[in-house]
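Atoms within each ligand, like the ligands themselves, are counted from 1 in listed order. Just so it is clear, the model here is predicted, and its values are computed rather than measured. Heavy atoms only: backbone and side chains are in, while hydrogens, waters and symmetry mates are out.
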Amino acid sequence: MPYTPTLAWKPLDGAEEAQLVAAHAARMERYAAFLRIPSVSALPEHAADCRAAAEWLASELRRIGAQRVEVSETGGHPIVVAERIEDPALPTIVIYGHYDVQPGDPLDLWKTSPFEPIVRDGRMLGRGSADDKGQILIHLAALEAMLTVRGAAPVNVRYVFEGEEESSSVNLEAWMRAHPDRCTGDAVIISDSGFFDGNVPALTVGLRGITYLQVDVRASDVDLHSGSYGGSVINPANALADMIASLHDTQRRVTVPGFYDDVTPLSDKDRAAFAALPFDQVAYLAGIGANTLYGEEGYSSVERRGGRPTLDVNGIWGGFTGDGSKTIIPAHAHAKISCRLVTDQDPEKIYAAVEAALRAAAPAGLQVEVTNLGNGHAFLTPLGDPYLDAAAAALTATFGREPLYIREGGSIPIAALFQRELKLPVVLLGFTPPDDNAHAPNESMDLGNFEGGIRTVIRALDAIAALD
Ligand SMILES: [Zn+2]
């Protein structure tokens with residue numbers, strides 16, 4: 001297959017480089033073979049394919065010299081575990097990836113069939129090429145090169161490759177609790193994220209958590225005539241609007257008592273990392289068709305979206321919403337509200353605080369029902385963490401520029417799960433290009449990211465071995 005990397009990376013100084021070059025063609029064959037297995041975790045008809053992908057991965061791990069390789073049952077799709085323990089005195093790194101993928105459809109928008117991968121323009125095109133099979137293979141290629149050349153890895157590694165990430169990792173937490181010996185270590189590397197715009201190397205250091213709720217308010221059994229009753233009874237829609245409006249002040253700060261109590265303030269270092277992120281306000285607004293930026297006073301847009309908590313209405317309805325007019329006092333009104341959270345906010349505590357604030361703001365006599373629709377913890381790797389610094393040094397040595405430190409507004413629930421369950425530093429060292437189309441048609445991996453990723457992992461593990 002042709003190979004034209006689009007991203008420059010620096011070869012390794014050691015003998016692994018020759019091994020990696022010699023093994024390139026075979027590596028690409030295996031990459032394609034892995035992508036051909038349609039391991040779509042969300043679709044029951046692909047359960048056998050998920051298992052086949054797990055077995056394929058296990059046999060690869062055995063081939064390259066990993067130890068204690070196991071396809072471990074979860075009740076759902078299995079988790080592939082393996083390790084390479086060189087010396088108990090060395091640091092042990094837990095490495096996470098997932099072999100399951102999103103469904104392929106809509107098929108007509110693909111340049112190739114999603115499960116018939118091809119290399120085109122220096123990219124591997126196919127479902128899972130970036131998210132996340134390609135990133136798993138980066139780790140395997142790195143281990144293979146080190147074991148072939150040195151006969152050992154520089155640190156101990158434990159691999160945890162799950163098959164349900166695209167299905168909310170439903171069995172991962174219970175599995176981790178049941179198999180503590182397979183995921184203990186000194187730090188976790190999660191490779192399921194990527195580079196920044198323009199393919200600048202990046203480390204995702206923060207992800208926001210969430211609490212999601214629905215509020216239902218009711219004042220009467222039926223809709224009432226607004227001429228006969230208007231002004232003399234509670235209008236639930238008016239009341240709900242008032243309740244929601246009371247949750248922010250004029251500086252766009254959330255007024256819910258206790259909301260900011262556990263928020264870790266942004267340090268000078270944090271603010272410098274935010275300021276280093278390229279942010280094109282004009283392009284940002286044009287991209288969404290908006291006229292102006294908005295948000296909490298005292299913070300920049302990148303800080304607001306990555307480093308500060310929020311409270312937003314996601315949906316609101318009630319009363320008459322058809323064409324024309326209908327003069328009623330609605331019997332009930334509803335809203336869905338979510339809060340994006342930062343460390344160390346506890347989603348359950350914030351949910352309870354928002355519920356209490358909504359109830360306190362409701363007029364007497366209005367029936368208020370609040371339901372929690374989901375919670376997720378925020379995640380943060382503190383700048384200056386030695387494992388993060390080792391990863392940064394490896395990216396810098398490989399790609400010739402220092403990585404950006406990103407805090408994403410969204411979430412990768414497993415990052416918080418690993419941090420909370422294992423109480424270990426978690427480094428999100430991901431290699432997908434910013435235009436990878438993960439979850440969309442024509443998902444692809446830049447082979448410069450892929451090959452550079454392998455060199456980065458080797459350099460990162462060497463850098464971790466050199467930590468005091
Ligand atoms: Zn993923």
Backbone or side-chain N/O/S of Glu165 under 2.8 Å of the Zn ion (ligand 1) = no
- Task: Please confirm whether the backbone N or O of Glu303 pairs with a side-chain atom of Arg407, one donor and one acceptor, at under 3.5 Å?
- Result: no
Margin query: Could you tell me if the side chain of Val263 sits less than 4.5 Å from the side chain of Arg308, heavy atoms only?
Written below: yes
Smallest heavy-atom separation, Gln19 atom then Ala145 atom, equals OE1-CB, 3.2 Å
- Short N-O contact, Arg123 and Asp435, less than 4.0 angstrom: yes
Taking the Zn ion (ligand 1) as the apex, Asp192 OD1 and His98 NE2 span an angle, rounded to 10°, of 100°
Taking N, O or S atoms only and a limit of 2.8 Å, check whether Asp132 reaches the Zn ion (ligand 1).
no
Atom name of the N, O or S atom of Asp131 nearest to the Zn ion (ligand 1) is OD1
